[in-house]
Number of protein chains: 2
Amino acid sequence: MRLTRISEIRRRELRRAAFEVLQKEGMAGATLEKVATHAGASKGIVLHYFANKQELFEHAMREANVALKEAVVDRLNRARTPRERLEAIIEANFEERFFQPSVCHAWLSLCAEVPREPQLARIQKVIHARMRSNLLSALTDLLPAGECEAVALGITSLIDGLWLRLGLQSEGLTRDIALAQMRDYLAHRVPEA
Amino acid sequence: MRLTRISEIRRRELRRAAFEVLQKEGMAGATLEKVATHAGASKGIVLHYFANKQELFEHAMREANVALKEAVVDRLNRARTPRERLEAIIEANFEERFFQPSVCHAWLSLCAEVPREPQLARIQKVIHARMRSNLLSALTDLLPAGECEAVALGITSLIDGLWLRLGLQSEGLTRDIALAQMRDYLAHRVPEA
DNA sequence: CTAAAAACTGACCCATGGGTCAACAATTGA
DNA sequence: TCAATTGTTGACCCATGGGTCAGTTTTTAG
């Protein structure tokens, strides 16, 4: 049990290092060497804990996803009304620690690999499914059944679009503007009372 | 002048080949060799017409962008009312030849490089600026001045988000659904009359 | 205390791929 | 017709980086 602990610590360090290198270097530039150095280890150790580069970045993506998921769950637990649940989901996606150009760059790099890496595609699918499910559960209490799907797609697309924009043209797009945009959508598409 | 013609033809062939290889292989997998083979030429010729890999893909992105721009201009010319101009811009972005998973994959790969390639960033900036300008010119006639910027951002973000989703999870997202989503947004945010 | 298991390292292998170059083919213009 | 320009090729160079491995250190468990 001590054993597993060291290996778990190391694996987490390497996952994190991988994600951080990804932020600056992109997928092609994120070499095992750089990840190892960034984690303060040798290249050999990376391949000791992860079978290959793909697996490493697969786990990096998974961990980043878990962090987002926990942020959402955390806020959902505090929410009382359906409206609050809706806002909780949205606000979690724009928390400062997530909504940053560098984080977005890393995501973009991972997303660009999705079409060629089934494992990444699977993770992406899970993310979408959870998002949809969370949104629908809040929306069913706020809108006629026939509109829920469309609005859920609208919200996720808006979020993704704002994220993408942050990654491509960070100047001029702040967290506040992004959140204002989401509220603008809700105000018109899911009007209160 | 005959000379320039051959070189222009060759350059275009190579740009196109580059974009097409990008669709299937991603940036890392899109080697000069593959691009050359796909264009029916040798690797040497690619570097005869383009200084290096970056320049090749920069031109590939530029050409793809021009195609989209022309589609927009084409539809804008046919549009009579501000409302039609708005719809023209949106519909151009969802034309079948553009709104395809493989095309989206290529775009994603290019976008992922934007943070590390100033030339790509410049192109991206131009694209955004043109989009914004087009939208604002239509929106000023339809909305109070204070709302135009926000709605323009909303529309572009929605478009980008739907594109991203098409690239990540092509199953289940059709052109019709995407267009319906855009119309849903307009119906609620830019109501007619 | 000690042997086995796990953690870790650095040297090495090798395929890949970007980029160079010398030479050859074709086209062109006078 | 014939130089000069342009187009084109394939061989070559070389840095990079993923992955392997033999061997060393550290940890753990009995």
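To find a chain, count down the sequence lines: A is the first, B the second, and so on, and within it residues start at 1. Computation of the quantities below employed the complete heavy-atom set of this structure, encompassing side-chain atoms and omitting hydrogens, waters and symmetry-equivalent molecules. Everything numeric here is computed off the predicted structure, so don't read it as measured data.
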**Message:** Rounded to the nearest 0.5 Å, what separates atom CG in A:Leu153 from atom SG in A:Cys148?
**Reply:**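 The CG atom of A:Leu153 sits 13.0 Å away from the SG atom of A:Cys148.
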
**Prompt:** Looking just at side-chain N and O atoms, do B:His128 and A:Arg165 make a donor-acceptor pair shorter than 3.5 Å?
**Reply:**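 Short answer, yes.
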
**Message:** Does A:Phe50 reach a base, just sugar-phosphate, or nothing at all? Heavy atoms under 4.0 Å.
**Reply:**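 No contact.
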
Side-chain N,O ([X]) to OP1/OP2 ([N]) below 4.0 Å:
X: B:Arg10; N: D:dT6; value: no
X: A:Tyr49; N: C:dC8; value: yes
X: A:His48; N: C:dA7; value: yes

**Asked** Do the side chains of B:Met131 and B:Leu136 join up, straight or via other hydrophobic residues, at under 4.5 Å, putting them in one cluster?
**Response**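 The answer is no; the residues belong to distinct hydrophobic clusters.
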
**Message:** Assuming nearest nucleotide by heavy-atom distance, tell me which of B:Gly40 and A:Gly44 is located more 5' along DNA chain D.
**Reply:**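 Comparing both residues, the 5'-ward one is B:Gly40.
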
Validation: residues 38-45 of chain B side-chain donor-acceptor distances under 3.5 Å, sequence neighbours left out:
none

**Asked** Could you run down nucleotides 13-19 of chain D 5' to 3' and tag each one B, S or - for protein heavy-atom contact under 4.0 Å?
**Response** ----SBB

**Request:** Calculate the interatomic distance between B:Ile45 atom CD1 and D:dT8 atom C1'; express it in whole Å.
**Result:**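 One finds 4 Å between C1' of D:dT8 and CD1 of B:Ile45, rounded.
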
**Prompt:** Can the positive tip of A:Arg189 be found less than 6.0 Å from the middle of the six-membered ring of B:Tyr185, inside 45° of the ring normal?
**Reply:**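 Ring-cation test returns no.
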
**Message:** Test of understanding: with side chain to side chain donor-acceptor pair (under 3.5 Å), list the residues that count as partners of A:Asn134, not counting sequence neighbours.
**Reply:**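 Partners of A:Asn134 by the side chain to side chain donor-acceptor pair (under 3.5 Å) criterion come out as none, since no residue qualifies.
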
